[in-house]
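Reading through the structure tokens given below for one structure.
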2 protein chains.
Amino acid sequence: MASSEPVSRKDRVPTGRRLSAESRERQIVEGAIAYFAEVGLDGHTRELARRLGITQPLLFRYFPTKAALIERIYAEVYLKRWDAGWEATVRDGSVPCLERFRRFEIDYQRRIDDYAWLRIFVSAGLKGFDLPSRYLGMVRERIFAPLLEAMRAESDLPSPRAQPLAADEFELLFGIHGALVYVGLRSRVYGIEGTADRDTVRAAMLDAALPGLLATHRRVVAAASFSGPAAAL
Amino acid sequence: MASSEPVSRKDRVPTGRRLSAESRERQIVEGAIAYFAEVGLDGHTRELARRLGITQPLLFRYFPTKAALIERIYAEVYLKRWDAGWEATVRDGSVPCLERFRRFEIDYQRRIDDYAWLRIFVSAGLKGFDLPSRYLGMVRERIFAPLLEAMRAESDLPSPRAQPLAADEFELLFGIHGALVYVGLRSRVYGIEGTADRDTVRAAMLDAALPGLLATHRRVVAAASFSGPAAAL
DNA sequence: CCTTCTATTGAGCGAACGATCAATAAGGGC
DNA sequence: GCCCTTATTGATCGTTCGCTCAATAGAAGG
């Protein structure tokens, strides 16, 4: 893989010894993301250090415990990669609401269809950490709630203030969302390599699901209004 | 939880000592399924034994290694719970093909929306075992392939022998399938407890997705036939 | 060149891991 | 009631885990 040309001591990639504190920390974080994504959060600090070409005690100079390193991974992969533009997209009144939904999903799925993102997300869920539920709670409140409000308005339905959003309305969006996420899961978690480009597959799924969405949404809202705003079931 | 009445030595549940070999083995398998589903496949044999109320070496009397015990779990949870009736359902010519799909998914999802089933399935995928890909390969070949063949026939389209099934056609079914699976994943893996009954949610998703499926399928097959049977992309 | 600072290492601690084996005790057949 | 079978245990092996700490070595400033 690496070239066999002799490399001067000055410009060689400083993977070995005596890095600055900040670039060593960055290297550890990046390496930890790749490593724990591959083997799971039960991966071992010694093996991580070996892959980084450093000794294991050095990890504990930069992170007091293994748990702190994993906490840093969460911040790095999920909180840091949340795109504030998503919230702007779904609130853009100059675009039809179904098109906002499409644009959000295309962009969001491209971001999360990533080896480390999906695998660490699932690993965290299995280990009982609240990261996945908190993250999906953000999607629900910051993305889907404004979208449903816009869909209500576009269909001349009562605003969420007059009639609170029902659980079934969220499920409508989570259904399409889940179909798109599942495409990435099959590849990144289950190791199934399809022949088709996953972006294209997801675009086709949206083409199939979006046209009927507003009509379905109107039926759901009508059904929910019968049983009253509180009874979402 | 348990009643406080005194229990005669004869009919008390024999959880403690001196079980018959087969009932002890069964108890270990059941306990291992529950334990590894909860903590992941990196769970420890000592903790499993503690929960079963037995000593750790006894586990190794019934299973030579921890890996063998996990292999047994795979057989018990996935191969044994595969329902041959599913293959009959999707081949039942007396029922419209979309109704066959609905019946299969309702029954299948009810079976797999199970704490142990979903969590061990995902854990196995993360650990790189080929169980998930093999299992989904069975769904693809034994369920979806016959369904697509029936959908072709019902739409007067060429049979798979004349024009092989395209990857996009499978993605159509996996899309709806994934939306339904995701409902269980959010609960069982991410720990999100929705207010609504998940069976009802999935039924509503099928109601929304199935009516347009045959028309979409015809478009996909027409598009695939242009690029020739071999080029599925 | 020498000193200072600190990134990095080697050795090692206590605990817990998967797995082994001889000793033990519970139950069935006579 | 005794014996034989075998399910079950207690003790323990070698390894590896997360983590600690004193010693080392590489770069920067004078």
Side-chain angles (χ1 to χ4, degrees), chain A residues 7-33 35-36 38-74 123-124 127 129, chain B residues 7-33 35-36 38-74 123-124 127 129:
Chain A
V7 186
S8 81
R9 275 187 73 248
K10 271 296 174 56
D11 59 5
R12 84 183 174 87
V13 177
T15 79
R17 313 153 86 99
R18 207 69 189 180
L19 280 192
S20 78
E22 54 184 343
S23 44
R24 179 67 80 196
E25 180 174 325
R26 176 121 300 273
Q27 182 212 21
I28 290 176
V29 169
E30 301 291 340
I33 291 172
Y35 172 66
F36 287 117
E38 181 182 333
V39 307
L41 297 177
D42 290 310
H44 306 150
T45 55
R46 278 186 172 80
E47 173 65 12
L48 167 60
R50 199 192 58 77
R51 294 198 188 191
L52 289 168
I54 63 177
T55 56
Q56 183 232 22
L58 190 56
L59 295 176
F60 292 90
R61 172 131 186 131
Y62 291 89
F63 298 92
T65 75
K66 177 184 169 185
L69 175 56
I70 289 178
E71 207 64 42
R72 171 64 176 275
I73 289 178
Y74 291 156
S123 292
K127 290 207 80 90
F129 295 122
Chain B
V7 186
S8 81
R9 275 188 74 248
K10 270 297 173 56
D11 60 4
R12 85 185 173 87
V13 177
T15 79
R17 311 153 88 99
R18 205 69 190 182
L19 281 192
S20 77
E22 54 185 344
S23 44
R24 180 65 81 195
E25 179 173 326
R26 175 122 300 272
Q27 182 212 20
I28 291 176
V29 169
E30 301 291 341
I33 290 173
Y35 172 66
F36 287 118
E38 181 181 334
V39 307
L41 298 177
D42 290 310
H44 307 149
T45 55
R46 278 185 173 79
E47 173 65 12
L48 168 59
R50 198 192 60 77
R51 294 198 187 190
L52 290 169
I54 63 178
T55 56
Q56 182 235 19
L58 190 56
L59 293 176
F60 291 90
R61 171 132 186 131
Y62 290 90
F63 298 92
T65 76
K66 177 185 169 185
L69 174 56
I70 288 177
E71 207 64 42
R72 171 65 176 274
I73 289 177
Y74 292 157
S123 292
K127 289 207 81 87
F129 294 122

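Lettering follows sequence order; numbering is per chain, from 1.
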- Query: In terms of side-chain heavy atoms of Phe60(A), which of dT20(C), dC19(D), dT9(D) is nearest?
  - Reply: dC19(D)
- Message: With a 4.0 Å cutoff (strictly under), does any side-chain N or O of Thr45(B) reach OP1 or OP2 of dG18(C)?
- Response: yes
- Quick one: Ile54(A) CD1 to dG10(C) P, roughly how many Å, whole number? 12 Å
- Query: To the nearest angstrom, how far is Tyr62(A) atom OH from dT9(C) atom C1'?
  - Reply: 13 Å
- Message: How many whole angstroms separate atom CZ of Arg24(A) from atom C1' of dG26(D)?
- Response: 12 Å
- Message: The side chain of Arg61(A) is closest to which nucleotide in this list: dC19(D), dC17(D), dT8(C)?
- Response: dT8(C)
- When the distance from CG of Leu58(B) to P of dT6(D) is rounded to whole Å, what number comes out? 15 Å
- Message: On the side chain of Arg18(B), is there an atom forming a donor-acceptor pair with the base of dT6(D) - under 3.5 Å, no angle test?
- Response: yes
- Query: Atom CZ in Arg18(B), atom CZ in Arg24(B): separation rounded to 0.5 Å?
  - Reply: 10.5 Å
- Within a strict 4.5 Å, meaning less than it, do heavy atoms of the Tyr35(A) and Leu52(A) side chains meet? no
- Message: Can you measure Gln27(A) atom CD to dA7(C) atom C1' for me and round it to whole angstrom units?
- Response: 13 Å
- Message: From the set dT9(D), dA16(C), dT8(D), return the single nucleotide nearest to any side-chain atom of Pro57(B).
- Response: dT9(D)
- Task: Using a strict 4.0 Å threshold on nitrogen-to-oxygen distance, state whether Arg51(B) and Glu47(B) make a salt bridge.
- Result: yes
- Base, sugar-phosphate alone, or nothing: which one does Ser20(A) contact when heavy atoms must sit under 4.0 Å apart? nothing
- Go through the steps to decide whether Val29(A) and Phe63(A) satisfy the test side-chain contact (heavy atoms from CB on, under 4.5 Å), and finish with yes or no. CA-CA 10 Å; Val29(A) 169; Phe63(A) 298 92; 3.7 Å; yes
- Query: So, Arg26(A) and Glu22(A), do they make that salt bridge, N to O below 4.0 Å?
  - Reply: no
- Atom CG of Leu48(B) and atom P of dA19(C) are separated, to the nearest Å, by 13 Å
- Given atom CZ of Arg46(B) and atom C1' of dG18(C), what is their separation to the nearest angstrom? 7 Å
- Over how many whole Å does the gap from Leu52(B) atom CG to dT8(D) atom C1' extend? 14 Å
